[in-house]
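Notes to accompany the following structure.
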Amino acid sequence: MIYRNFGSTGWQVSAVGLGTWNIGNQWGDVDDATAYATIRTSIDHGVNLFDTAESYGIPNGLSEQRLGKALGGDRHKSYVVSKIGHFGKRTGQGVPLTTPDMIRLCAHASLHRLRTDWIDVMLCHVGDIQDPSVFLEGFELLKQNGEIREYGISTNSLEVLQRFNVNGTCRVVETDYSLLNREPEKEFLPYCEEHEIAVLVRGPLAMGLLSGNYTEDSVFTDSVRSSWNEGEAGRKQFVERIRKVNEIRSVLDKDEDMAEAALRFVISRPSVVAIPGAKSPQQASLNAMVGQRLFTQEQMNRFR
């Protein structure tokens, strides 16, 4: 596994982490044993960064609970990233995020579910937030108490990131970036590099589309991607993205695996860490092994 500097935190983290949204049953049922084995397999292959959120899972928080149990004695060797902003919304009643105390309340609940005394990075999970002052004040209080070490935001908007970094205290940002979404290369990633903000890349496989396993005829039964099915709201975008996937496939070497190539493309940018999800130990193993080497510049140039 390749390890790299994580922004200005001073931490050395694995170039490939593990996103735990997938082990919370929202992407299809995963039993406890499989979820624990997926996390343990990642650890065995050198992964030391794990991304989760208070709202991941059915019920809310299940991904955090499973991650906390699986880390066990390896907690002190791992970096855990969680997020505040959506608990309960999916089931009808979101937590009101109106005061710093409410931010603290959510963080304390995450600490409980994760079975830990500290969370390495806590992110604001409201990607279009207009006024981040409640989060900034709440996060500072949590940091002063040693309950979180650093904080940041999950967003695709440079404007939102700049607002959140108004005091120069944003240490980490999580954003969507992949071979199907190169937009962050224009301004978002250069801003992060200039300000030494660590970048976590969610969606490096574009919700599975860059696995190369799907066509326009695919039918999705999970709750996350069901809108891609025929007659649903996300169908048009899905068809356009499948066409782009086929264009990417055309520049790969004959025996080159698309999922490996897509993930390796992301981590070959030195300032980022990819956090692909996995639903099985086998997927976790394959993802982690991509982190053993990077593309050469010549290999990167294929995707221009």
Side-chain angles (χ1 to χ4, degrees), residues 19-32 34-35 38 50-70 80-116 119 121-139 141-142 147-148 151-157 160 163-164 174-176 200 202-203 207-208 219-238 275 277 279:
T20 64
W21 188 14
N22 303 62
I23 62 166
N25 294 340
Q26 289 179 262
W27 294 75
D29 290 343
V30 177
D31 60 38
D32 285 344
T34 301
T38 299
F50 300 87
D51 177 84
T52 189
E54 61 175 7
S55 57
Y56 288 173
I58 300 174
N60 283 262
L62 180 60
S63 291
E64 283 187 328
Q65 289 177 307
R66 286 175 163 175
L67 177 60
K69 290 179 181 179
V80 173
V81 180
S82 194
K83 311 178 197 72
I84 292 171
H86 294 299
F87 192 90
K89 286 184 179 180
R90 192 176 63 251
T91 47
Q93 189 173 20
V95 174
L97 304 172
T98 49
T99 67
D101 274 346
M102 297 307 293
I103 304 303
R104 293 175 58 244
L105 175 73
C106 291
H108 293 162
S110 286
L111 287 164
H112 172 75
R113 286 188 293 269
L114 286 162
R115 300 186 173 200
T116 185
I119 293 171
V121 180
M122 187 64 84
L123 301 179
C124 167
H125 209 180
V126 186
D128 60 353
I129 195 167
Q130 295 298 308
D131 180 5
S133 56
V134 167
F135 275 91
L136 292 173
E137 186 176 344
F139 284 168
L141 290 169
L142 290 162
E147 292 158 329
I148 65 173
Y151 61 82
I153 188 169
S154 176
T155 184
N156 296 328
S157 167
V160 171
R163 281 201 297 269
F164 197 87
E174 185 170 314
T175 196
D176 184 85
L200 288 174
R202 51 179 161 79
M207 292 188 168
V219 176
F220 297 91
T221 58
D222 58 89
S223 61
V224 178
R225 298 177 293 182
S226 59
S227 66
W228 294 351
N229 293 328
E230 191 71 48
E232 300 296 333
R235 180 65 181 179
K236 182 179 179 181
Q237 184 185 39
F238 167 72
I275 46 172
K279 289 175 60 179

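In what follows, residues are counted from 1 in the order of the sequence shown. Please read these numbers as outputs of a predicted model, since none were measured by experiment.
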Are the side chains of Cys124 and Ile103 in touch, meaning some heavy atoms are under 4.5 Å apart?
no

Is there side-chain contact between Val160 and Ile129, with heavy atoms separated by less than 4.5 Å?
yes

Non-hydrogen atoms of Val95 and Met102 that approach each other most closely:
CG1-CE, 3.6 Å

Mind checking the CD-CZ spacing from Glu232 to Phe238? Nearest 0.5 Å is all I need.
12.5 Å

Just by distance, with hydrogens left out, do Asp101 and Thr99 show a side-chain donor and acceptor under 3.5 Å apart?
no

Output for pair (Met122 CE, Glu147 CD), nearest 0.5 Å, gives 9.5 Å

Scanning both residues in full, the closest heavy-atom pair of Ala53 with His125 reads CB-CE1, 3.9 Å

Any non-hydrogen side-chain atom of Phe164 less than 4.5 Å from a side-chain atom of Phe135?
yes

When Arg225 is tested against each of Asn229, Asp222, Thr221 for side chain to side chain donor-acceptor pair (under 3.5 Å), which residue passes?
Asp222

Does atom CD (Gln237) have a neighbourhood of more than 12 heavy atoms from anything else shown, all under 6.0 Å?
no

Between CG on residue Asn156 and OG1 on residue Thr175, distance to nearest 0.5 Å
4.0 Å

Minimum side-chain heavy-atom gap Thr116-Leu111 below 4.5 Å:
yes

Do Ile58 and Arg90 have side chains that approach each other closer than 4.5 Å (heavy atoms only, starting at C-beta)?
yes

CZ on Arg66 to OG1 on Thr20, rounded to 0.5 Å
10.5 Å

On a heavy-atom basis, the closest approach of His86 and Glu54 is N-OE2, 3.1 Å

Starting at CD1 of Ile153, measure out to CG of Leu136 and round the result to the nearest 0.5 Å.
8.5 Å

In sequence, state the C-alpha distance, the side-chain angles, and the governing distance for Val134 and Leu97, and then conclude on side chain to side chain contact (heavy atoms under 4.5 Å, CB included).
CA-CA 8 Å; Val134 167; Leu97 304 172; 5.6 Å; no

Between Glu64 and Ser110, is any side-chain donor less than 3.5 angstrom from a side-chain acceptor?
yes

Looking at side-chain heavy atoms only, is the closest gap between Thr38 and Lys279 below 4.5 Å?
no

Donor-acceptor pair between Asn60 and Ser55 side chains, under 3.5 angstrom:
no

Ser154 to Leu123 - nearest heavy-atom pair and separation:
N-CB, 4.3 Å

Taking the side chain as every heavy atom from C-beta outward, state whether Arg202 and Trp21 have any atom pair closer than 4.5 Å.
no

In terms of heavy-atom contacts, Thr155 and Gly127 come closest through OG1-O, 2.7 Å

Shortest non-hydrogen pair, Leu142 vs Ala107, comes out as CD1-CB, 3.5 Å

Within 6.0 angstrom of His108 NE2, more than 12 heavy atoms from elsewhere:
yes

Contact between Val81 and Ile275 at the side-chain level, heavy atoms closer than 4.5 Å - yes or no?
no

Matching residue for Tyr56 among Ile23, Asn22, Asn25, Asp51 - test: side-chain contact (heavy atoms from CB on, under 4.5 Å)
Asp51

